[in-house]
Amino acid sequence: MLTSEYLEGFRVIRRRIGFWAALRMGVPAFFRALTVRHKAGGASDPAEATKAGLKNRFQLLAELYRKLQGRYGKARTDEIMRDVLREGGYVYFRGFRRLGPSEGLRDFAGIYRAFERNNIVFDVIEETDERFEIQVRRCLVFEAFNELGAPALTQWMCEIAFHYFSRYHPRMTYEKDRMIARGDAGCHEVFSWG
C-alpha cells in the first residue's frame, strides 16, 4: 500500500508528464522498490535502524528520480521532483500535530521531539516558554537520500520543512541559519514564541 505522500506525488508526476508516461515510469519503479529492503547492521546504533527505515520509505522516491532523470534529463527531473516533494511533503507533515488553542512553545517542543526523532539526531540547546533552540547533529533523511543516490531530494525536503515551520503557528517564528544539506556540519534551528 502506498502512503498518502506517494499518492500525492504520483498525481504531481501524472500532471507533469501525462498519465501513460507516469505509469511507464511508476510501475517499474514501484516493483524495483519492493525488491529492495534496507537493514541496519547488527551492532549499529538506533539511529542507523531509523535510517534504514527511512531508506525503505524513500526507496520508491529514489527509483522514480532515477527513472525520470534517465528519460527527461536532470533539469526537467529536478523541476518535477521539486513539485513532487513540495506537494507530497506537505502531506507527510500532516503527521506533525498542530497546537491546540491553549498550548504554547513547550507543547510544540514535545510535538517536535515526537515527530523528528524519526528523521534527525539533535541536541536541545535551550527550551523555555519563549525559545526552543536545537542543534541537529545528524540528518537521517539527508544520509538516507545520499545512500540512495538521490542527494538533491534532501534540499527540497528541507525547503518544505522550512515553509511548514514558518507558517506553523501565528505566534511562532522559525529560523534556520545552518543546514547539513547545504554543506554545514549541522543544522541550527530556533523557534521563538511572541
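Here the structure is a predicted model, which is why all the values come from computation and not from measurement.
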Problem set entry | Exercise: identify the closest heavy-atom pair between Leu148 and Ala62 | CB-CB, 3.8 Å
Exercise. Is it true that Arg82 and Glu159 have a side-chain N and a carboxylate O under 4.0 angstrom from each other?
Worked result: yes
Exercise. What's the shortest heavy-atom distance between Gly104 and Trp193, and which atoms?
Worked result: CA-CZ2, 3.8 Å
For this session: Enter the distance from Asp45:CG to Lys51:NZ here, rounded to the nearest 0.5 Å.
Result: 8.5 Å
Exercise. Is any side-chain heavy atom of Lys74 less than 4.5 Å from a side-chain heavy atom of Tyr65?
Worked result: yes
For this session: Return yes if some donor-acceptor pair links the side-chain N/O of Tyr72 with the main-chain N/O of Asp78 below 3.5 Å, else return no.
Result: no
Seminar exercise, completed: Asn146 and Pro151 have their tightest heavy-atom pair at OD1-CB, 2.7 Å
Exercise. More than 12 non-hydrogen atoms from neighbouring residues, nucleotides or ligands closer than 6.0 Å to CZ on Arg182, yes or no?
Worked result: no
Exercise. Under a 4.5 Å cut-off applied to non-hydrogen side-chain atoms, are Ser192 and Glu130 in contact?
Worked result: no
Exercise. Counting heavy atoms not belonging to Phe31, are there more than 12 under 6.0 Å from its CZ?
Worked result: no
Seminar exercise, completed: In this structure, CD of Glu189 is separated from CD1 of Ile134 (nearest 0.5 Å) by 4.0 Å
Exercise. Would Leu7 and Phe30 show up in the same hydrophobic cluster when neighbours are defined by side-chain heavy atoms closer than 4.5 Å?
Worked result: yes
For this session: State, without any angle test, whether Asp177 and His188 hold a side-chain donor-acceptor pair at a distance under 3.5 Å.
Result: yes
Exercise. Under 4.5 Å between any side-chain heavy atoms of Arg16 and Glu79, yes or no?
Worked result: yes
Exercise. Mind checking whether Gln135 and Cys187 have side chains closer than 4.5 Å, heavy atoms only?
Worked result: no
Exercise. When you check the gap from the basic side-chain N to the acidic O, do Arg57 and Glu5 get nearer than 4.0 Å?
Worked result: yes
Exercise. Is there a donor-acceptor pair closer than 3.5 Å between any side-chain N or O of Asp184 and the backbone N or O of Arg178?
Worked result: no
Problem set entry | Heavy-atom pair with the smallest gap, counting every atom of Val36 and Asn56 | O-OD1, 4.0 Å
Problem set entry | Pair Ile160-Cys158, side chain to side chain contact (heavy atoms under 4.5 Å, CB included): steps then yes or no | CA-CA 5 Å; Ile160 292 155; Cys158 290; over 6 Å; no
For this session: Examine the side chains of His169 and Glu103 and answer whether a donor and an acceptor come within less than 3.5 Å of each other.
Result: no
For this session: Flag yes if Val121 and Ile125 sit in one hydrophobic cluster, no otherwise; membership is Ile, Leu, Val, Met, Phe, Trp, Tyr, and two members link when side-chain heavy atoms are under 4.5 Å apart.
Result: no
Problem set entry | Stepwise side chain to side chain contact (heavy atoms under 4.5 Å, CB included) check, Leu61 with Phe145 | CA-CA 9 Å; Leu61 198 59; Phe145 279 134; 3.8 Å; yes
Problem set entry | Straight-line distance of Leu153 CG to Phe58 CZ, nearest 0.5 Å | 9.0 Å
Seminar exercise, completed: The reported gap from CZ in Arg113 to CZ in Phe122 (rounded to nearest 0.5 angstrom) is 6.0 Å
Exercise. Salt bridge between Glu48 and Lys55, side-chain N to carboxylate O under 4.0 Å?
Worked result: no
Problem set entry | Side chain to side chain, Val124 and Phe132, heavy atoms closer than 4.5 Å | yes
Problem set entry | Inter-residue atom distance Glu133.CD - Phe191.CZ, 0.5 Å rounding | 11.0 Å
Problem set entry | Any donor-acceptor pair under 3.5 Å from Asp83 side chain to Ile80 backbone | no
Exercise. Are the side chains of Arg106 and Thr128 in touch, meaning some heavy atoms are under 4.5 Å apart?
Worked result: yes
For this session: Using the side chain to side chain contact (heavy atoms under 4.5 Å, CB included) rule, take Met81 and Val84 through it: C-alpha gap first, then chi angles, then the decisive distance, then the call.
Result: CA-CA 5 Å; Met81 291 307 286; Val84 165; 4.3 Å; yes
Exercise. So, for Asn118 and Leu54, which heavy atoms are closest and what is the spacing to 0.1 Å?
Worked result: O-CD1, 3.5 Å
Problem set entry | Between Gln59 and Glu63, a side-chain donor and acceptor under 3.5 Å | yes
Exercise. Any idea which heavy atoms bring Thr35 and Arg32 closest together, and the distance?
Worked result: OG1-O, 2.7 Å
For this session: Consider only side-chain heavy atoms of I, L, V, M, F, W and Y, link residues closer than 4.5 Å, and tell whether Ile180 and Val190 are in one cluster.
Result: no
For this session: Check whether any side-chain heavy atom of Met25 lies under 4.5 Å from a side-chain heavy atom of Leu68, and answer yes or no.
Result: yes
Exercise. Between Tyr164 (side chain) and Phe96 (backbone), is there a donor-acceptor pair under 3.5 Å?
Worked result: yes
Problem set entry | Identified ring-ring contact (aromatic ring centres under 6.0 Å, His included) counterpart of Tyr168 within the set Tyr174, Tyr112, Phe108 | Phe108
Problem set entry | Approximate separation, where rounding is to 0.5 Å, of Arg117 CZ and Phe115 CZ | 11.0 Å
Exercise. Would Phe165 and Met179 show up in the same hydrophobic cluster when neighbours are defined by side-chain heavy atoms closer than 4.5 Å?
Worked result: no
For this session: Give a yes or no answer on whether the side chain of Arg167 reaches the backbone of His163 with a donor-acceptor pair at less than 3.5 Å.
Result: yes
For this session: List the steps and the verdict of side chain to side chain contact (heavy atoms under 4.5 Å, CB included) for Arg138 and Leu140.
Result: CA-CA 6 Å; Arg138 288 181 69 186; Leu140 302 176; 3.9 Å; yes
